[in-house]
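Each remark here refers to the structure printed beneath this line.
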Amino acid sequence: MSDPESFRSCAIGLLTTEYFDNIDTFIEEAIDSGHDFVSTPIVHSRYKRVLKTKDNDSWKNSPVYDRDDLVVRKPNWSDAVVGTLSNWLELDSTDQNTRINSELALKQELAWACHLGLFAVMTPPLSDTTTSISNLARVINHNVGSMAVTQMWVRVLMDKNNQAWKKWNQFRSLAEHNPRIHVALELPKELPEDDLLLDTWIAEPIKSVIVPADIFISNNKGYPVLPKPHQTYLKKLMHRIQPQIIVTLPDVNIHPSAAPSSYQEYIRYLNRNLPEMNDVDRFASGYHDYLQAPLQPLMDNLDNSMYETFERDPIKYQQYEKAVYHALLDRVEHDSDYVSTIMVVGAGRGPLVNCCLRAAEKAERKVHLYALEKNPNAFVTLQNAKAEIWHDKVTLVFADMRKWKPETKCDILVSELLGSFGDNELSPECLDGAQKFLKEDGISIPASYTAYVTPLASSKLYNEVAAYKDVTHFETPYVVMFQQVCELAVSKPVWTFEHPNKTIEQDPENNLHNNRYSQTKFDMIPQDMIMHGIAGYFESVLYKDVMISIHPDTHSPGMFSWFPIFFPLRTPLQVAQGSTITLDFWRTTDAKKVWYEWSVTVESSNGNDSSISPIHNPSGRSYWVGL
Ligand SMILES: C[S@@+](CC[C@H](N)C(=O)[O-])C[C@H]1O[C@@H](n2cnc3c(N)ncnc32)[C@H](O)[C@@H]1O
């Protein structure tokens, strides 16, 4: 887990477009005025002469650069320099000679930057012409593979509508989503008002954000500050992405009290004043956008540290206690001598047993508890608790809840077998077995759980999955604390499981009653976007209005036991404005396992265009959960 302080730190650079004869002086001054790095042209504009060379061969045989051709001549500041590539290159020139020479000159610049080990190089802002974008994409994509240390940033000037994103989308699609290519996003004077337009960029591989001096306004003391919308957005970017920030200094003094250090000082001030981290942030730092295989607590035995981590959740147990408390109040009269039997199935190390005991004490109801667990190691902790704390109040049962035959039935059946998608840790199958312990009028806590889905953009997650270079990983859902993602729509329910489960009688011999299919439609996607996968969440009714939820709109505040789930797509799908996205989801089972299959269709608003993904994970070939 990363330390919260470093998680918040931010490097700030100073950008210049001047061709300095002595770049060392500029770098020293920039560092003296509080900047961490500079962004400067690598090559002098006088190097244009290359374009006049008629004969490529003689050109290649001569030394590539004269000393004077270069702005960055030495490696002494290499880790403090982002080199900007020449903006006069004409990669899409209709003149063949110019086009070829431009390409060669660009290669030379990249080669020199990599030779020096600069920490990044940045393209000129993406232009409006598609020929220029496609030629730049081709050359960069071709060369980026050999850039071992130096990062590649594509500069994109954000705009009020979605044109800038479309240009970038064209570029990266041509470059086949190359994970080595990142975005340097330049903020415009006027930001889009639409949150979705702003958030689209969060799902992109942004490495740096450029904040030009002229978008700063003067405060009443004459110091530069950002307008409110820029402040809010920049803070969001710093919070979610932690990009490098690049500022420029104004040509003339537009902010009366400004010194060269004022712009970076102000940005650092914003960075220091990001929203306070809450418990969930603290728990999640270090897990952001990190793909985890979902747990299989039925097939595998959780280890002690896993239980310990979960048990730190301040909210989950509070909600369970509340649910049991209300269930006891509803079920048993005050002053009654009736002893309610509560069975905690899948008791782990016992925290839900403690919840039930506290709830009974608070409700002033008599109870006897059973704690059932199949993990032999966790069971030792239960034995310790019985010997030292619970004594006769709790009966321990070492068994698989699907097979145990109790002598008595219970009033309340308490379990927590939920995964990020609700049913993905096989709570339905386990509780099918356990519900025979429950009296006819007994209460199951949880009473139900519902899985939710929404289309998701995240080039980060896509590239993380793609790095495995196999279909199996694209057909596996992951538990992920989302960070650099953008939901394309508000999530919708796919299916619900209720307990006790009445449908089991239709098919007691096998598990077909727990199969599900759902088609979910998301109409009128408001802008051009890209879809990399599906986000999944759950909401659970524990008892009446006592809920736990990881659905973004109803998330139980402070609860961190569950991160969302991510179902990847093998190929990202382009989603045009106004399109309808249809998600097909299946929960399928055989005698030994349960698995999900999923597919996506995107249909344009006029119905003339559609893209269809294959069905992912057919027959559970890549991913399944063992029964
Ligand atoms: C997610 S943990 C919850 C542990 C504990 N109740 C809590 O809330 O902290 C689920 C527990 O159920 C147990 N479990 C899963 N399937 C089971 C089964 N079929 N029979 C008995 N225990 C089971 C697992 O070993 C694990 O200890």
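In each ligand, atom 1 is the first atom listed, and ligand 1 is the first ligand listed. The chain is numbered in sequence order, starting from 1. Here the structure is a predicted model, which is why all the values come from computation and not from measurement.
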**Fill in**
Quick look: Ala399 vs ligand 1, heavy-atom contacts under 4.0 Å, and the answer is backbone
**Message:** Can you check which of Val414, Asp400, Leu372 brings a heavy atom nearest to atom 19 (N) of ligand 1?
**Reply:** Asp400
**Prompt:** With a 3.5 Å cut-off and no angle check, do the side chains of Tyr320 and Glu416 form a donor-acceptor pair?
**Reply:** no
**Message:** Looking at every heavy atom in both Pro294 and Tyr623, which two are closest together, and how far apart are they?
**Reply:** CG-OH, 4.3 Å
**Asked** For the residue pair Phe585 and Phe421, is the inter-centroid distance of their aromatic rings smaller than 6.0 Å?
**Response** yes
**Message:** Assess, by modelled atom type and distance only, whether the side chains of Lys521 and Thr582 contain a donor and an acceptor separated by less than 3.5 Å.
**Reply:** yes
**Request:** Report, in ascending order of atom number, the atoms of ligand 1 lying under 4.0 Å from any heavy atom of Ala347.
**Result:** 5 (C), 6 (N)
**Message:** Test of understanding: given a 4.0 Å heavy-atom threshold, classify the contact between Ser415 and ligand 1 as side chain, backbone, both, or neither.
**Reply:** neither
**Message:** Taking only non-hydrogen atoms of Pro351, do any sit less than 4.0 angstrom from ligand 1?
**Reply:** yes
**Asked** Does the N or O separation between Gly346 and ligand 1 drop below 3.5 Å for any pair?
**Response** yes
**Verdict with reasoning, Glu475 to Arg621, per salt bridge (Lys or Arg N to Asp or Glu O under 4.0 Å)** = CA-CA 8 Å; Glu475 294 191 332; Arg621 68 178 173 191; 2.8 Å; yes
**Complete:** Among non-hydrogen protein atoms, atom 16 (N) of ligand 1 lies closest to Leu298 CD1, 3.5 Å
**Item:** Trace of the ring-ring contact (aromatic ring centres under 6.0 Å, His included) decision for Tyr452 with Tyr537
**Value:** CA-CA 5 Å; Tyr452 284 81; Tyr537 308 102; 7.9 Å; no
**Message:** Could you tell me if Asn514 and Asp432 have a donor-acceptor pair between their side chains, going purely by distance under 3.5 Å?
**Reply:** yes
**Prompt:** Counting heavy atoms only, which part of Val345 comes closer than 4.0 Å to ligand 1: side chain, backbone, both or neither?
**Reply:** neither
**Message:** Students should be able to answer this: which protein heavy-atom is nearest to atom 3 (C) of ligand 1, and at what distance?
**Reply:** Glu416 O, 3.5 Å
**Prompt:** Got the closest protein heavy atom to atom 22 (N) of ligand 1, with its distance?
**Reply:** Lys374 CG, 3.1 Å
**Request:** Run the contact test for Tyr317 against ligand 1 with a 4.0 Å cut-off on heavy atoms, strictly below, and give the result.
**Result:** yes
**Asked** Heavy-atom contacts under 4.0 Å between Phe310 and ligand 1: side chain, backbone, both, or neither?
**Response** neither
**Request:** May I ask you to check if ligand 1 and Asn301 share an N or O to N or O distance below 3.5 Å?
**Result:** no
**Prompt:** Do any heavy atoms of Lys316 fall under 4.0 Å from ligand 1?
**Reply:** yes
**Item:** Shortest protein contact, atom 15 (C) of ligand 1 (heavy atom only)
**Value:** Leu417 CD2, 3.6 Å
**Asked** Under 3.5 Å, is there a donor-acceptor pair linking the side chains of His368 and Thr395?
**Response** yes
**Ring centers of Tyr478, Phe566 separated by less than 6.0 Å** = no
**Request:** Mark up the atoms of ligand 1 that fall under 4.0 Å of a heavy atom belonging to Leu352, in ascending order.
**Result:** 6 (N), 8 (O)
**Request:** Tell me, please: is Ala434 in heavy-atom contact with ligand 1, that is, under 4.0 Å?
**Result:** no
**Prompt:** So, does Trp404 sit close enough to ligand 1 that a heavy atom of it is under 4.0 Å from the ligand?
**Reply:** no
**Message:** If I apply the N/O under 3.5 Å rule, does Cys430 come out as touching ligand 1?
**Reply:** no
**Item:** Closest approach of any protein heavy atom to atom 26 (C) of ligand 1, naming residue and atom
**Value:** Tyr307 OH, 3.5 Å
**Request:** Work out which heavy atom in Pro493 is nearest to a heavy atom in Thr520; give both atom names and the distance.
**Result:** O-CG2, 4.2 Å
**Prompt:** For atom 20 (N) of ligand 1, what's the nearest protein heavy atom and its distance?
**Reply:** Met401 N, 2.9 Å
**Prompt:** Is the shortest heavy-atom distance from the side chain of Lys409 to the side chain of Phe437 under 4.5 Å?
**Reply:** no
**Request:** Answer yes if the ring centres of Phe538 and Trp562 are under 6.0 angstrom apart, and no otherwise.
**Result:** yes
**Asked** Does any N/O atom on Glu373 come nearer than 3.5 Å to any N/O atom on ligand 1?
**Response** yes
**Prompt:** Any luck finding a side-chain donor-acceptor pair between Tyr449 and Ser427 under 3.5 Å?
**Reply:** yes
